[in-house]
Amino acid sequence: MANIQIQNVHKSFNDIHVLRGIDLAIPTGECVILLGANGCGKSTLMRCLNGLTYPEQGSVVVGDQDMAKTRGRRLRRQRQRIGVVFQHFNLVDNVSVFQNVLYGALGQQPGGLATTLQALAPQSLRQRAMQCLDRVGLADQATQPCRELSGGQQQRVAIARTLLQAPDVLIADEPVASLDPRAGRAVMELLIDIVRERGMTVLCSLHQLELASEYGDRVVGMKAGRIELDAPRHELDRDTMAGLYQGVVRVDEQQPTPADTALAYSA
Amino acid sequence: MSQYQEAANTPTPPSRYQRPSLFACIVVVVFLGLLTKGVMATDVTLARLASGAVNLVDFVGRALPPKLDDLDVIGGAMLETLYIAIVGVTAGVVLSVPFAFLAARNTAPHSLIRIGTRFLIASMRTIPDLVWALIFVATVGLGPLAGVLAIVMDTVGFAARFFSERIEEVHPGPAEALASTGAGRLSVIGGAILPETLASMTATSLYSVEKALRSAVTLGLVGAGGIGVELSAAMRLFNYNKALTIILVILVCVLIFEQLSSAIRRRVI
């Protein structure tokens with residue numbers, strides 16, 4: 001049975017059609033890599049999976065809940081099962097690494113709200129947070145303010161935060177796009193090790209063919225709001241990849257056709 | 001191609017001066033009209049300014065030397081002023097935080113609540129502290145409590161606005177990340193927005209204390225407690241030597257507090 005079942009999803013921003021009938025199923029425990037040029041709709045699709053954006057049409061079922069129709073307390077409960085790793089880490093800069101990891105338990109009840117201050121967090125949670133930090137190799141940086149870490153370290157903290165959340169689905173939106181190739185590979189290795197250990201279902205967007213074919217079980221390619229490719233990783237080659245990026249020009253160079261201007265809104 | 005030819009082909013730069021718009025002309029004419037009428041209505045004449053300068057010299061002559069006999073009374077009144085400022089600002093800042101979150105676009109639970117809260121904050125800010133003091137003297141009676149309440153209203157009007165503007169400037173990424181974990185509204189505010197705004201809120205609060213200290217001095221003039229009461233009494237009784245002492249004490253205290261506040265602000269920001 002699929003853990004993620006996306007059917008006929010459509011989404012527009014200001015009359016610009018960003019997602020144009022997406023169908024995608026991801027079985028439990030599978031790691032799917034999403035490829036495609038900037039602005040093809042990857043981020044919008046991933047945001048729909050966590051209820052950060054709602055589609056206008058179609059269903060986005062994660063587990064047994066349609067995220068397109070889930071609101072309020074049910075949405076918050078469902079979000080605990082769906083971890084998100086963002087391209088720009090989205091850490092709270094002014095607080096410590098340890099506090100940022102604890103934020104992964106904010107959605108948990110009871111005691112979630114107490115984790116806004118690490119001094120009030122239950123001891124068991126504090127210990128779990130340290131284990132998560134240790135897992136990403138940053139236990140010795142626990143008291144450092146996040147802003148003093150490198151990009152690669154910050155993404156590790158974001159992964160530790162997701163680890164504490166303990167989701168069964170992981171959405172990673174270009175997790176290595178802000179990192180240099182070496183740091184990017186290290187972060188990707190860590191991420192995949194963790195999801196394999198925990199048996200998570202993963203949807204991860206990337207731009208690197210090597211990383212996609214190395215770490216994904218399956219590769220899905222998007223172009224202008226549609227899925228153009230859905231293949232096992234060993235079938236992916238440079239020509240197929242180039243096809244996804246063909247005809248894509250900079251947003252500010254495009255003629256204002258609806259399909260092209262969609263690029264400006266969906267990143 | 002010669003340099004001259006290149007220069008000849010260069011597009012002409014825009015004109016140095018632009019004709020002002022009709023709106024700008026109307027604003028200038030209205031402003032000049034009000035300024036002229038204002039100078040006449042307030043009787044600002046060279047003769048009066050000159051006689052005022054002479055009287056000022058006379059005042060200073062009569063006020064010197066400052067009378068230090070009542071320094072303990074003046075010190076006590078200054079301390080009361082400081083208490084009014086600190087208690088008023090503390091209560092005002094504490095109240096400003098929820099007001100600010102209700103007034104900020106990114107944290108208000110509903111647009112109607114946001115508009116209502118903004119209106120309330122603007123009302124508190126628009127009414128001057130001296131008017132608040134008169135209202136509270138009439139409602140709770142003469143004394144420092146009226147001063148404290150006036151400072152609370154003034155601080156909420158000022159601090160809540162600055163707090164809400166800072167909250168609106170916060171980068172949405174961390175708040176979104178926390179919301180994506182299933183965190184509720186309060187947790188997102190406490191976890192992502194408050195830490196990002198705390199430094200700015202502290203700086204604004206310190207500035208509020210500086211502002212309140214100056215206000216608290218004048219509030220005494222209408223009977224709302226503090227050193228203003230002593231100053232008002234000394235001036236009415238033509239006890240200028242004592243008045244000068246009070247003014248000097250105020251000057252020293254305000255300057256010391258401003259320096260202290262600036263030093264703390266520099267460390268916080």
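Residue numbering restarts at 1 for every chain, and letters A, B, ... go by the order of the sequence lines.
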Student check: side-chain heavy atoms of A:H88 and B:H171 closer than 4.5 Å = no
Let me know if A:I82 has heavy atoms under 4.5 Å from chain B in its side chain, its backbone, both or neither.
-> backbone
Is it the case that more than 12 heavy atoms not belonging to A:Y54 sit under 6.0 Å from its OH atom?
-> yes
Honestly, the part of A:L52 sitting under 4.5 Å from a heavy atom of chain B is side chain
Please collect all salt bridge (Lys or Arg N to Asp or Glu O under 4.0 Å) contacts where either partner lies in residues 108-124 of chain B, sequence neighbours excluded, each pair once.
-> B:R118-B:E168
Has B:R19 got more than 12 heavy atoms of other residues, nucleotides or ligands less than 6.0 Å from its CZ?
-> no
Closest heavy-atom pair and its distance - A:V92, B:A192 | CG2-CA, 3.9 Å
Who in residues 172-179 of chain A is close to chain B, using a strict under-4.5 Å heavy-atom cut-off?
-> none
So does B:F257 have more than 12 non-hydrogen atoms from other groups sitting under 6.0 Å from CZ?
-> yes
Roughly how far apart are A:Q80 CD and B:T181 OG1, rounded to 0.5 Å?
-> 7.5 Å
Answer with side chain, backbone, both or neither: which region of A:Y103 has an atom nearer than 4.5 Å to a non-hydrogen atom of chain B?
-> both
Atom pair CD/CG of B:E196 and A:N94 - distance to nearest 0.5 Å | 4.5 Å
Answer with side chain, backbone, both or neither: which region of A:N50 has an atom nearer than 4.5 Å to a non-hydrogen atom of chain B?
-> side chain
Would one find more than 12 heavy atoms of other residues, nucleotides or ligands at under 6.0 Å from atom CD of A:E197?
-> yes
Atom pair OG (B:S180) and CZ (A:R47), whose distance is rounded to the nearest 0.5 Å | 9.5 Å
Residues 161-171 of chain A vs salt bridge (Lys or Arg N to Asp or Glu O under 4.0 Å), sequence neighbours excluded, gives A:R81-A:D168
Within 6.0 Å of CZ in A:R196, more than 12 heavy atoms from elsewhere = yes
B:F158: ring-ring contact (aromatic ring centres under 6.0 Å, His included) partners, not counting sequence neighbours | B:F162, B:Y207
Engaged part of B:A175 at the chain A interface, taking heavy atoms whose separation is under 4.5 Å = neither
